[in-house]
Novice: 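Pasting a structure here, questions to come.
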Protein chains: 2
Amino acid sequence: MENPSTLVEGHFPYKGKWGMNQSVVKALNMLELFTEDVDELTLKEIAIKANLPKPTAYRLLSSLEAMGYVHKLKNSEHDSRYRLGLKLLELGQLVADQLEVRKTALPFMESLAEQINEAVHLVIVNQHEATYIEKVESNKALRLYTRIGKSSPLYIGSGPKLLLAYLPEDEQEAIVTKTNNERLAQELMLIRERGYAFSIGEQDTDTTGISYPIYDHRNQVIAALTVSGLSSYFIGENLELIKEKTLQTAMDISNKLGYRSQLRKE
Amino acid sequence: MENPSTLVEGHFPYKGKWGMNQSVVKALNMLELFTEDVDELTLKEIAIKANLPKPTAYRLLSSLEAMGYVHKLKNSEHDSRYRLGLKLLELGQLVADQLEVRKTALPFMESLAEQINEAVHLVIVNQHEATYIEKVESNKALRLYTRIGKSSPLYIGSGPKLLLAYLPEDEQEAIVTKTNNERLAQELMLIRERGYAFSIGEQDTDTTGISYPIYDHRNQVIAALTVSGLSSYFIGENLELIKEKTLQTAMDISNKLGYRSQLRKE
DNA sequence: TCCTCCGTTTCAATATATGAAATGACATTT
DNA sequence: AAATGTCATTTCATATATTGAAACGGAGGA
């Protein structure tokens, strides 16, 4: 074993890091085989999907099961099915409670959603991606499909782009360079000038989003407050109302977080 | 290594299971060091609390970090702090969405909480314990402290006891025997007779809870609908109102789940 | 009855995790 | 300004825990 990294890189997408525990990576990878549509899997299915020998998958699943991360339903001796375990519900709840911005913003988001009757989202930066950490839906029949905890690139959608616009220069540049999109840099500048981000049909066709920054007590942007819905609603007078209410809400949240808007010295 | 189990049993509380992956168990154990009060930990703290050598803890944390289960904040080269990662938010959300009862019950729970203005909980059986999978709070100043995803023994509190009462006989007996509580068996019989469970000051002094069963399409009890609050509200006319509304809600949820109450043949 | 399919166990081989010790980078004290 | 202490991180020889092919045994179908 001259170069351990080749082994790791050969098997997993999580390359580069040496000294990582392979069993842990394999086990956690198995958890990601479960999705909305796939809430039950057999050992065989898991072994195949995870590209692991059956006994290995079996042992890793046993460990996950012992810790409550998966749950095994035995229909009969040779028909077992795995589901995600409730330990994940507990930890997910804990993470949600540990996100200060989220806890602070939620009641304001609910109020805003009621005022304008569009979906309201809260987005933060995480590991060079944008992560949706809270949402309040409109009560319209047609609803955006979004999922809390999911991430997207920082250059798609009004929330992500707003966050990108307020990132430290070096990080921002690294991402802009990668996208190879010349207009993006200009757009980010425009976002900072106007104080909000706009996107039409980026995440989904037919959908428009508008996002305002949320500041913390250090006067730094830590989240984006996003309103989104069918593009046809985001025009004229109604758009002005949305902008006004959303800005106001973003400010309310920021103030609650200790933000003090600087008085300009002219 | 004559008997591998001694090794495993010596180190972890998850005894008995051979062929479990120790690294996975150790890694997941580290996640449980985080609590409401402890949302940040240094490597040193984790190593000590998890009873692991620092390099081992370091490597396991690196694996968890690569998978998004923890997040490392580097304040400086030698001052890093770990937090739970947003991957857990995503998976927790997924688990929540995969719990059919929970999804079905939530709107009914909200309506009930509004009608009676007390906390409403949804409890299920999981691994011989009772797990709280949803809650809707009252808007009273004094609120019960509960946490979604948390488990408690099946013989404490009205929700757990109701679930215990409707468990298959063998499982029920196993638990009743363990508690060594003679009155418990009688109480469980009473619960089945009356169709609801009652508890005063069991989870917390000053708190009373009342629980009704929720049935699925197989006419089996799969969850408990629990209303709880300050004992002083659970008396007289108000108690009757609570009982009536809660029973009705439990039935509504059951019906939505496909329950068809059997017509008694007399 | 035979055959197939699954989850589970076995066991020898070895890849992999291990942890004491060293490192380097900073902060605090002397 | 030098010395000491503290922390995260890396190194490396060693042994242990993981590995997976093969076998097992029970269930169900042909």
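In what follows, chains carry the letters A, B, and so on, assigned in the order in which the sequence lines appear, proteins first and then strands, with residues in each chain numbered from 1.
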Novice: How many whole angstroms separate atom CG of A:L52 from atom C1' of D:dA21?
Specialist: 15 Å
Novice: Is B:N51 atom CG crowded by more than 12 heavy atoms from other residues, nucleotides or ligands, each under 6.0 Å away?
Specialist: no
Novice: Taking only the side-chain nitrogens and oxygens of A:K26, find out if one of them lies under 4.0 Å from OP1 or OP2 of D:dT19.
Specialist: yes
Novice: Given atom OH of B:Y58 and atom C1' of D:dT11, what is their separation to the nearest angstrom?
Specialist: 13 Å
Novice: Testing the basics here: between B:T179 and B:V176, what is the closest heavy-atom pair and its distance to 0.1 Å?
Specialist: OG1-O, 2.7 Å
Novice: Between B:Y166 and B:Y215, how do the two ring planes meet: parallel, tilted or perpendicular, split at 30° and 60°?
Specialist: perpendicular
Novice: Could you tell me the separation between the CG atom of A:L60 and the P atom of D:dT18, rounded to a whole number of Å?
Specialist: 9 Å
Novice: Using only atom types and a distance under 3.5 Å, with no angle test, would you say the side chain of A:T35 pairs donor to acceptor with the backbone of A:D37?
Specialist: yes
Novice: A:M20 CE to D:dT9 C1': how many Å, rounded?
Specialist: 16 Å
Novice: Distance from B:Q93 atom CD to B:L91 atom CG, nearest 0.5 Å?
Specialist: 10.5 Å
Novice: Check side chain to side chain donor-acceptor pair (under 3.5 Å) between B:S211 and all other residues, then give those that pass, not counting sequence neighbours.
Specialist: B:S158, B:T226
Novice: Determine the interplanar angle of the A:Y132 and A:H121 rings, folded into 0 to 90°, and report it as parallel if under 30°, tilted if 30 to 60°, perpendicular if over 60°.
Specialist: perpendicular
Novice: Looking only at the side chain of B:P55 (C-beta and beyond, no hydrogens), which of the listed nucleotides D:dC7, D:dT18, C:dA20 gets closest?
Specialist: C:dA20
Novice: With hydrogens left out and only the distance checked, is there a donor-acceptor pair under 3.5 Å joining B:K54's side chain and the base of C:dG19?
Specialist: no
Novice: So for the helix from C:dT1-D:dA30 to C:dT30-D:dA1, with five pairs setting each end axis, what is the inter-axis angle to 10°?
Specialist: 30°
Novice: Whole angstroms only, please: what is the CG-C1' distance between A:D79 and C:dG7?
Specialist: 10 Å
Novice: Taking any heavy-atom pair under 4.0 Å as a contact, classify A:S76: base, sugar-phosphate, or nothing.
Specialist: nothing
Novice: Measure from CG on B:N75 to P on C:dA27 and round the result to the nearest Å.
Specialist: 11 Å
Novice: Among C:dG19, D:dT9, C:dG7, which nucleotide sits nearest the side chain of B:P53?
Specialist: C:dG19
Novice: Any idea which of C:dG19, D:dA8, D:dT19 is nearest the B:H78 side chain?
Specialist: D:dA8
Novice: Which of these nucleotides, D:dT18, D:dT9, D:dC7, is closest to any side-chain atom of B:K44?
Specialist: D:dC7
Novice: So, is A:K74 near the phosphate of C:dT8, with a side-chain N or O under 4.0 Å from OP1 or OP2?
Specialist: yes
Novice: Of the nucleotides D:dG26, D:dT18, D:dA8, which has the atom closest to the B:L43 side chain?
Specialist: D:dA8
Novice: So, OP1 or OP2 of C:dG7: does either fall under 4.0 Å of a side-chain N or O from A:S80?
Specialist: no
Novice: Consider the side chain of A:Y82, meaning its heavy atoms from C-beta on, and name the nucleotide among D:dC7, C:dT8, D:dT9 that approaches it most closely.
Specialist: C:dT8
Novice: Would you kindly compare A:N21 and A:E45 by the position of their nearest DNA chain C nucleotide and give the one closer to the 5′ end?
Specialist: A:E45
Novice: Looking at every heavy atom in both A:A223 and A:L163, which two are closest together, and how far apart are they?
Specialist: C-CD2, 3.6 Å
Novice: Can you measure B:N51 atom CG to C:dG19 atom P for me and round it to whole angstrom units?
Specialist: 10 Å
Novice: Tell me the interatomic distance from A:L61, atom CG, to D:dT19, atom C1', rounded to whole angstroms.
Specialist: 16 Å
Novice: Any donor-acceptor pair, under 3.5 Å, between the side chain of A:R81 and the base of C:dG7, if you only look at N and O atoms?
Specialist: no
